[in-house]
Structures are given as C-alpha cells and as structure tokens.
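Structure record follows, encoded as structure tokens.
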Amino acid sequence: MISEKMVGYVRNSSIIRAMFEEGKRLADIYGAENVFDFSIGNPSVEPPDEIKEALIQIIQEERPNLVHGYMNNSGFEDVRAKIAESLNQRFGTQFNHENILMTVGAAGGLNVILKALLNPGEEVITFAPFFGEYRNYVSNFDGELVVVSPNTETFQPNLEEFEQKITRKTKAVIVNTPNNPTGVVYSEQTILALVDILNKKQKEFGNSIYMISDEPYREIAYDGVEVPYLTKYYNNTIVSYSYSKSLSLPGERIGYLVIPKELDDFEDVAAASNVANRILGYVNAPSLMQRVVARCLDAKVDVENYNRNRELLYNNLVSFGYHCVKPQGAFYLFVKALEEDDKAFSAAAKNHNILIVPGSSFGCPGYCRIAYCVDYNMIERALPGFEKLAKEYEHK
Ligand code: PLP
C-alpha cells in the first residue's frame, strides 16, 4: 500500500506529462507531421556547440576523480567560484563560492531551499498563474502554498492581494520572471513595489520573509527587455537558476542556488541547504555537468529562434481573434480560452491535433498555455487548425 500523500500526487500527476504522452500516441495514428504538440517546455533549440566541445575536452583532459568523484555536497569549489565571478561581472554583485550551491536543476534547487526553510504549516506565497509543481514542492515539506489571484489584464503580480495574504506564518514568496506560463517579465518598478511590501511586513511581524527567485528563463527575453537581478533589491533573496532552458540541457539536471551573505541567518541557511541537497538523495549535482557549465559560462542558445516563433504565433493568433498578453520572455503564450472551461477548450483543440495545456494546471482557469519551443514549420502547419478552432467558436 502506498502512502496516502502519494495517492493524491499520483491522482493529480502532471497533466503536461500526460499530454506529452498523448502527442506521441496521436503521432502514431496521424503521422508526426500532422500532430502539433505545444504541451511541454522542452527546448527546441540545440545546445551551443561549446557544450559538446567542453564535454569531449573534459573527458580527455581531466583526471577521472575530478570528473566522476564525490565532492562537497554543494558542488566543486572551483566551479562555484567561477559561477560567482561570472555573476559578479554581469550584475555587479559580490558573490564567492560560498554563495553558490550546485543543484539538480531548478526543481532540485527549489526542493533544497524549501527543505532548508520550511516548518510544517508555514506558508509560501506565489502568484497565479504559476508553475504547477510549486504545489508539490511546498507540500513535500508540509508547507502551505498560498496563491495570489491573477491580474488577467497584464499578468503582472496582484500586489494589493499579496500584501493582504502575508501573515505571521509566511516564510517565503516564490517569484518567477520571465514567467511560466505567461512569458511576462516583472519590471523594476514592480519589483521595487513588491520589495517594499516585504520590508514592511518583515518589520511588522519581526520575521524573515525570504524571496525565492525561480529563474530558469532569465536568458530567454526579447526586445532588449531588462530582467532585474533580485538579490540587488532585497537582502533576503535566494536565486534558483537552471541551465535547462538557457543552455537547452533539461535532461542533464544542472543548476544552482545563490545564497547571498546578506541573507538573514546566512550561515544556517547555507549549511542547511548543503545538508538538504545530500539528504534529499541528490547528494550533489551531476559532476560532469558542473565541469561543463563552468567552461561554458558565456555560451548562449540562439534566442532569435524562439523570437521568430513568438512573432509568428502571436501575430497570427491575434489576427484569428485570440486574446493574449504578448510575452516578453520564456517560450510560452498564455491565451484566453474561447469558452469558460479551459479543459473543454483544450479538448476542442485536440480535435485539430493541437495539444495545449489548460490554464487550471497553472492556477488560472479560463486560459491555455501554448509552448512555442518547437519547430517554426510546425507552427506554420498548425496555424490553419488554430484558425478553424477560432471559427468554430464564432457561431457559439
Ligand atoms: N521552474 C519553472 C518556472 C519551470 O518552468 C521549470 C521547468 O519547466 C522548472 C522550475 C524546473 O526546471 P529544471 O529543469 O531546471 O528542474
């Protein structure tokens, strides 16, 4: 008999993963070129060439123990130092290796920091729509996820409601910009207003409220938009970064946490995160990948590929009558469903072999997410189906 908690997890197991499987099933029936799978955020752009070159060089050059061996649970010290240095150059920060903890992607990083911080019953606030796994990650440590309702006009955070939802039990807030699923980037003005509220509430309750910046999409931003570096605005910020999207390496499971010295209880949080990485069973981030990313700190995927997809999809969908905030980052469009029930709408899209994810999976019913990290040609082939789908609703 499995645990009662797992019964719930299995029942609500990710709809995105289920759609991914459904896409494969439809492809077997209709042929892969006639199925338009926009369900999963699996990068379509190749990793930069530097990754392959670094992999080969490391295997040939480095001593096996420095590539495959155990290490400090926070990761190789020289790798962490290089990452700290690179962040300092980019953002004018003052990190060193002690502020960096290598993780098993952003998923690993979030679980590590939540394990380090949460007592049972403590609250973590996030803004709808949000990456659905936050609910599971917070529940892993018996915390409560508190959701601020969406501002569907702009999908910027609803700060009035945020302020009201902060209580004595609030331990952290998770901020995700550029955002999955809306692609919205929070402006500096928004961040300043959010931080003002946090400072005020910390004072009022005499507690530390940590801001966890979940930023796997930091490098995927368009039209020169600024993505503010949040440790510079609020001392109690922890950054959870990932190379899954920025270097197209999601299967390799590599990322890091930034735990700045200015953080309340820095020494304890850093020590607890180190131990959490070990006792959650990660032990340490994949060693070969640590070495690879350290050699590729200036490498980039070609974001212009995603930008072309964004323009093609957004411009056409709007011309067909769909409503959507134009994304400034990540590789998702969050469109208003053409009927109230987003699940029924996503089922109607499936009749055109178009797979999109209902917004309820992101705490925002009435919308659907379209992941455009796909082939440009696939978008072109899918457009007639999107148009027909819109026409079906004109007469309803
Ligand atoms: N956070 C957000 C907002 C995401 O969209 C994802 C993955 O899609 C993750 C975290 C997890 O990323 P990783 O592959 O680095 O674990």
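Order of listing sets the numbers, starting from 1, for every ligand and every atom in it.
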Can you see whether Tyr367 has Lys336 sitting over its ring - NZ or CZ less than 6.0 Å from the centre and within 45° of the normal?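 Geometry flag: set, cation within 6.0 Å and 45°.
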
| query | Would Phe331 and Tyr306 count as a close aromatic pair, with their ring centres under 6.0 Å? | reply |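 Yes, close enough.
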
Taking the ring of Phe127 and the ring of Phe155, is the distance between their centroids below 6.0 Å?
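Not close enough - the centres of the two rings lie 6.0 Å or further apart.
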
**Q.** Close residues, ligand 1: non-hydrogen atom nearer than 4.0 Å
**A.**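 For ligand 1, the residues that come within the 4.0 Å heavy-atom cutoff are Gly105, Ala106, Ala107, Phe131, Tyr134, Asn176, Asn180, Asp214, Pro216, Tyr217, Ser242, Ser244, Lys245, Arg253.
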
Would you please classify the geometry between the Tyr134 ring and the Phe130 ring as parallel, tilted or perpendicular, with 30° and 60° separating the classes?
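Ring orientation of Phe130 relative to Tyr134: parallel.
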
* Donor-acceptor contact present, side-chain Arg80 to main-chain His97, <3.5 Å ->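 At least one qualifying donor-acceptor pair exists.
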
- request: Only pairs at least two apart or in different chains count here, so list each salt bridge (charged side-chain N to carboxylate O under 4.0 Å, His left out) that has a residue in residues 235-264.
  value: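 Sorted pair list: Glu98-Lys261.
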
